[in-house]
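To keep things clear, I will list the structure first and then write my remarks on it.
Along the sequence shown, residues carry numbers from 1.
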Amino acid sequence: MVSDSVNTADNSANLSTAYIDQTPHKVVKKSTLWIVVLRSLLLQASFNYERMQAAGWLYGIMNVLKKIHQDKRDLAKSMRMHLEFFNTHPFLVNFIMGLVLAMEENKEDQSTIRSIKVATMGPLGGIGDALCWLTVLPILAGLGASMAMQGNPMGPIIFLILFNVFQFGVRIGLMNYGYYTGVRAISTMREQTKRISHAASIVALTVIGGLIASMIKLKLAWVIHVGQATVSIQDKVFDAIMPNLLPLCYTLIMFYLLKKSYSPVKLIGITIACGLIGKFIGLF
């Protein structure tokens, strides 16, 4: 009867979302956050289609959880919760890690911690894709590619250096911001998200405009003969209206087709076909 009572008590403790030892335990230092940032680089090392990044997430904060939860039952409960489904952007994950570690130190209820994870991982995933993959990466890759096309061997190296400076700057900054600001950071970030997205869009459009003018080469070879005079359609018409007008028009056409669900592979094929046909008939 005594053993049955003990087992019942243990099962109730496992089902509860509150920790057994609810005394706040501050263990996180500056160096601890740096170690978590480095461990978060392996976030997707055990990626799977059942729990996505859960194993990498737990690995990232595991050494801190061991220091926070001296009671092994609390540690097991925390590990079990952090192995639940998790998926967000790998660069912005440190913001959530900082929040969660601050809450774990304060021994917040597990349901609260779980709610914070679920509420932040989706929006940060979308923001990260737009900011990192669709804005910063094309800009820096375009810069490196432009240098390489001009014969500068430093192009790829400059790209790698700048991209990793950006990546680690974001990781370290968000890690500290999430931990030291705590749950209050969520409302602050929500207010600043629109401004950040708007600023990133302006920068991206500016850079893309520069890349269109410098990297897309499209000129008509047509020349009209009027008596003894010759008129170049490219120089006297299109360039007179606006320099690099044809590259801009072709880019807009490609963008329109992309919005119409044309795949990038199809657009590359169309570009190659247009180039070959235009050269054959003397258009380009």
Common cluster, [X]/[Y], ILVMFWY with side-chain heavy-atom separation under 4.5 Å:
X: F85; Y: M97; answer: yes
X: I272; Y: L218; answer: no
X: L137; Y: V93; answer: yes
X: I268; Y: L252; answer: no
X: V100; Y: V118; answer: no

Euclidean distance, [Y] [atom2] relative to [X] [atom1], rounded to 0.5 Å:
X: I161; Y: L140; atom1: CD1; atom2: CG; value: 11.5 Å
X: M175; Y: I35; atom1: CE; atom2: CD1; value: 11.0 Å
X: D129; Y: L124; atom1: CG; atom2: CG; value: 11.0 Å
X: H69; Y: M79; atom1: NE2; atom2: CE; value: 10.5 Å
X: L83; Y: W57; atom1: CG; atom2: CH2; value: 12.0 Å
X: S263; Y: L258; atom1: OG; atom2: CG; value: 9.0 Å

Flag yes if more than 12 heavy atoms outside [X] fall under 6.0 Å of its [atom1] atom; otherwise flag no.
X: W133; atom1: CH2; result: yes
X: K259; atom1: NZ; result: no
X: F47; atom1: CZ; result: yes

Side chains of R171 and Q167 only: does a donor on one sit below 3.5 Å from an acceptor on the other? yes
Kindly determine whether I172 and Y177 satisfy side-chain contact (heavy atoms from CB on, under 4.5 Å), including the steps that lead there. CA-CA 8 Å; I172 295 170; Y177 183 67; over 6 Å; no
Check: [Y] and [X] side chains under 4.5 Å, non-hydrogen atoms:
X: L33; Y: Y180; result: yes
X: Y179; Y: L99; result: no
X: L58; Y: L65; result: yes
X: M52; Y: Q44; result: no

Is the side chain of [X] donor-acceptor paired with the backbone N or O of [Y] at a distance under 3.5 Å, no angle test?
X: H25; Y: I68; answer: yes
X: E104; Y: I61; answer: no
X: N48; Y: S46; answer: yes
X: N106; Y: E108; answer: no
X: S40; Y: L43; answer: no
X: D74; Y: Q70; answer: no
X: T32; Y: K29; answer: yes
X: N152; Y: A148; answer: no
X: T120; Y: I116; answer: yes
X: K107; Y: P24; answer: no

Between Q53 and Y59, does the side-chain hydrogen bond (donor to acceptor under 3.5 Å, both in side chains) criterion hold? Intermediate values first, please. CA-CA 10 Å; Q53 302 166 340; Y59 173 79; over 6 Å; no
For the pair F91 and F163, name the ring-plane relationship: parallel under 30°, tilted 30 to 60°, perpendicular over 60°. tilted
Which heavy atom of [X] sits nearest to which heavy atom of [Y], and what is that distance?
X: S111; Y: D109; result: OG-OD1, 2.6 Å
X: K30; Y: W34; result: O-CD1, 3.0 Å
X: T112; Y: M103; result: CG2-CE, 3.4 Å

E84/R51 salt bridge by N-O under 4.0 Å criterion: no
With side-chain contact (heavy atoms from CB on, under 4.5 Å) as the test, would you mind laying out the steps for L75 and M62 before giving the verdict? CA-CA 10 Å; L75 178 61; M62 186 65 210; 4.1 Å; yes
